[in-house]
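Note that the coordinates shown come from a computational prediction; the quantities given were computed from them, not determined experimentally. A, B, ... follow the sequence lines: proteins, then strands. Residue 1 opens every chain.
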Amino acid sequence: MERILIDQLKNKIEQEVRIRGRVDTIRDQGKIVFLVIRDGSGKVQAVAWQGNGEELIKTVKSLTLESIVDITGEVKEANQVEQGFEIDIKDIRIDSLAQSPLPIVVEGEHNDNVTALDQRLDYRWIDLRSPRNQLMMSVSTLMTDKLREFCISNNFKEIQAPRIIRTASESGANVFEVKYFDKKAYLAQSPQFHKQMAMAAGLERVFNVGPVFRAEKSFTTRHLTEYTSFDVEIAYIDSYKELCVFEQEMIKSMLKAVKEEYGERIKELFKIEINIPNGDFEYITVEQAKAKLAKIGVSSKGDEDFSPEEERKLSEIIKEETGCEFLFVTDYPHVGRAFYHMKDPHNPKIALGFDLFWNGIEITTGAQREHRIDALRENAKERGMDLTSLEDYFEYFKYGCPPHGGFAIGTERLLMKMLNLESILEATYLPNTPNRLGKLITKIGK
RNA sequence: GGAGUGGUAGCUCAAUUGGUUAGAGCAUCUCACUGUCACUGAGAAGGUUGCGGGUUCGAGUCCCGUCCAUUCCGCCA
């Protein structure tokens, strides 16, 4: 018999069915045992009676939580159950008996002793079974799909920039070094250079989704050493503001789709409502933002950038004033930005770029790029960068390269804010952090 | 890299501030129970209090070292 998903059972009353899934709950009453079986679509109660056979009840009594079972039985109406029906077990096979007790508690409706995140991550494959995490993975899938779809429907081409590269792409940020046969290579901190190559290649509108690597020992709730960057680059722009509008529409369409598909479930499991901004996102210049912050007495980190506290407070102020959770911050001093950002021709101290904040956290940096090779060289020189290592990059601008700009979204941060998670680690399938890589193996080794 | 907080049973926590045999809930095991649904009831097992040293008649508690975790900062998406 073919397996049927649990959420389809309601159409199969009084029919014989086969379900496969996990043991979610066991309530042993002696001569009658109630099981709750869970699969990817839902839960159902299954009943084993002693009258159905000694062997059957013996098997059921030997079950442990989270074991995998293959059950054949009849769907029967049952007023005693909330769902209105249950499965009368005729036959059961244990496909995989779970060892017990489990090393962590799987998060559920009635558990108040949820295991600490660190240990849950050690046993991530058990942790991910929880309804919350199952939903998180579904939302994550839809989120990326919709961002991608938005690009594709706007005539974009998708590229896969190499992850192993010869030259570190960003100044300052630390890179992971890898052995490439008898040479040194690096894991890409960003697809930036090769994304820009697409501009010189005449691709005009490209996006790139994939892992990027940051060798920074950051111990915060918003940093990973490996994360997924959703990168966009667009040619023939007149202003970086076009990028802002594009990103705004991209995010709004994604949020709309997520809300439609999972809004209710998200409200139920994550206690958060997805708000889709009615009009445009808000804009503020660094100078204006600093003035607002000074007014309420938040100490400034300096004129070039914001401290996390400033980011949080600024978002709060804007949300209070306008109701908008999204804020573009513009007019950053060029010295604090990447060398490939274009300078404002009217005020060379200012970069033609922006950051996007969502509820107190930076989810994007973007900018119009400097496509004029001499100006680009000058910018790199100003920062004391090694120009010879950048020569390959400069080549892209030698044989005709259109004006262009782009941005990158940290998708884990996006998901984290969308579901109101406390840590980015929760929003990541299997997070790598400065001291998490390979940690579980070490533990087992002991 | 810097600062703070923490580490007690498989999990979540307690231990009256240094005092006798380190407790509870959940999970586990045994027994009972034919309508449970956070099943219930009776019982059992489960601990080198992260590790090493010190102070003290006495340390889970205080001190030093060390490891691990975590939060914030720096760095960034």
Side-chain angles (χ1 to χ4, degrees), chain A residues 24-36 43-52 57 61 64-66 76 78-83 86 88 98-123 126-127 170-174 189-190 192 211-231 301 305-312 336-338 355-358 361-366 407-417 422-425 427 433-436 439 442-443 446:
Chain A
D24 188 86
T25 314
I26 303 167
R27 291 189 280 265
D28 185 350
Q29 296 262 166
K31 294 194 172 62
I32 177 172
V33 182
F34 299 96
L35 301 177
V36 175
K43 295 181 188 179
V44 70
Q45 172 162 290
V47 196
W49 306 78
Q50 193 166 45
N52 290 8
I57 201 110
K61 279 175 184 275
T64 52
L65 292 178
E66 296 293 306
K76 281 187 171 164
N79 302 328
Q80 301 96 325
V81 201
E82 211 176 302
Q83 270 178 311
E86 65 191 6
D88 189 3
Q99 216 180 92
S100 78
L102 297 160
I104 63 166
V105 175
V106 180
E107 200 174 348
E109 301 162 69
H110 302 291
N111 299 332
D112 47 7
N113 59 336
V114 175
T115 309
L117 181 61
D118 175 53
Q119 183 144 355
R120 269 158 49 209
L121 291 173
D122 286 348
Y123 294 92
I126 303 174
D127 183 47
E170 308 271 336
S171 63
N174 294 320
Q189 304 147 289
S190 150
Q192 185 60 36
V212 294
F213 305 87
R214 301 282 164 99
E216 293 283 350
K217 291 200 170 179
S218 300
F219 297 98
T220 75
T221 50
R222 60 186 189 284
H223 286 91
L224 297 163
T225 51
E226 177 176 359
Y227 72 92
T228 308
S229 183
F230 196 109
D231 267 80
K301 187 189 162 187
D305 204 358
F306 300 96
S307 69
E309 196 205 350
E310 288 180 281
E311 292 180 356
R312 287 190 291 269
R337 310 294 274 185
D355 277 1
L356 175 60
F357 294 175
W358 185 9
I361 203 170
E362 183 186 328
I363 57 170
T364 284
T365 293
F407 59 88
I409 305 175
T411 62
E412 290 85 355
R413 284 191 180 181
L414 197 62
L415 186 62
M416 171 191 178
K417 291 318 278 186
E422 278 177 26
S423 170
I424 198 165
L425 305 188
T433 64
N435 46 18
R436 268 214 85 74
K439 185 178 149 205
T442 314
K443 272 194 174 174
K446 281 177 197 168

Atom [atom1] of [X] to atom [atom2] of [N]: distance rounded to whole Å?
X	N	atom1	atom2	answer
A/Phe306	B/C75	CZ	P	13 Å
A/Glu309	B/C73	CD	C1'	11 Å
A/His223	B/A77	NE2	P	8 Å
A/Ile126	B/A27	CD1	P	17 Å
A/Asp118	B/C68	CG	C1'	9 Å
A/Phe357	B/A77	CZ	P	11 Å
A/Glu66	B/C11	CD	P	17 Å
A/Leu121	B/C68	CG	P	17 Å

Using the [atom1] atom as the point on both nucleotides, what is the distance between [M] and [N], in whole Å?
N	M	atom1	value
B/A44	B/G19	P	28 Å
B/U8	B/U49	C1'	4 Å
B/U28	B/C11	P	15 Å
B/C31	B/G50	C1'	38 Å
B/U36	B/U12	P	33 Å
B/G25	B/C63	P	33 Å
B/C57	B/U40	C1'	49 Å
B/U16	B/U21	P	16 Å

Heavy-atom closest pair, residues [X] and [Y]:
X	Y	value
A/Arg413	A/Ile361	CD-CD1, 4.3 Å
A/Val33	A/Lys61	CG2-CG, 4.1 Å
A/Pro308	A/Arg222	CG-NH2, 3.3 Å
A/Lys31	A/Ile57	O-CD1, 3.8 Å

Residues in side-chain hydrogen bond (donor to acceptor under 3.5 Å, both in side chains) contact with A/Asp355, at least two apart in sequence or another chain: A/Tyr332, A/Arg337, A/Thr365
What nucleotide, of B/A69, B/A77, B/C75, holds the atom closest to the side chain of A/Arg222?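 Nucleotide nearest to A/Arg222's side chain: B/C75.
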Minimum-distance nucleotide (side-chain atoms of A/Asn435 versus B/G10, B/G74, B/A69): B/A69
Determine which nucleotide pairs with [N], using a 3.5 Å limit on both distances of a Watson-Crick or G-U wobble pair.
N	answer
B/U16	none
B/C33	none
B/G46	none
B/A3	B/U71
B/A22	none
B/C76	none
B/A27	none
B/G60	none

Quick one, [X] and [Y] - any side-chain contact, counting heavy atoms below 4.5 Å?
X	Y	result
A/Asn52	A/Val47	no
A/Thr411	A/Tyr227	no
A/Trp358	A/Thr364	no

Select base, sugar-phosphate, or nothing to describe what [X] touches, counting heavy atoms under 4.0 Å on all strands.
X	result
A/Ile104	nothing
A/Thr411	nothing
A/Leu224	base
A/Lys301	sugar-phosphate

Just to confirm, is there a sub-4.0 Å distance from OP1 or OP2 of [N] to any side-chain nitrogen or oxygen of [X]?
X	N	result
A/Arg312	B/C73	yes
A/Lys217	B/C76	no
A/Gln119	B/A69	no
A/Ser229	B/A77	no
A/Thr221	B/C72	yes

First encountered from the 5' end of RNA chain B, between A/Glu422 and A/Asp305: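 Going by which nucleotide is closer to the 5' end, it is A/Glu422.
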Report yes or no: is there a donor-acceptor pair, N or O only, under 3.5 Å between the side chain of A/Ser218 and the base of B/C76?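 It does not, because no donor-acceptor pair links the side chain of A/Ser218 to the base of B/C76 below 3.5 Å.
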Are there more than 12 heavy atoms of other residues, nucleotides or ligands under 6.0 Å from atom NZ of A/Lys217?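 No, not enclosed.
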Strictly by modelled atom types, are A/Thr64 and A/Gln99 linked by a side-chain donor-acceptor pair under 3.5 Å? no
Under 3.5 Å donor-acceptor, A/Gln83 side chain and A/Lys43 backbone: yes
Would you call B/U17 syn or anti, using the 90° rule around 0?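 Chi for B/U17 falls in the syn range.
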Within the 4.0 Å limit for protein heavy atoms, which parts of nucleotides 28-35 of chain B are touched? Write it as a string from 5' to 3', B for base, S for sugar-phosphate only, - for none. S----BBB
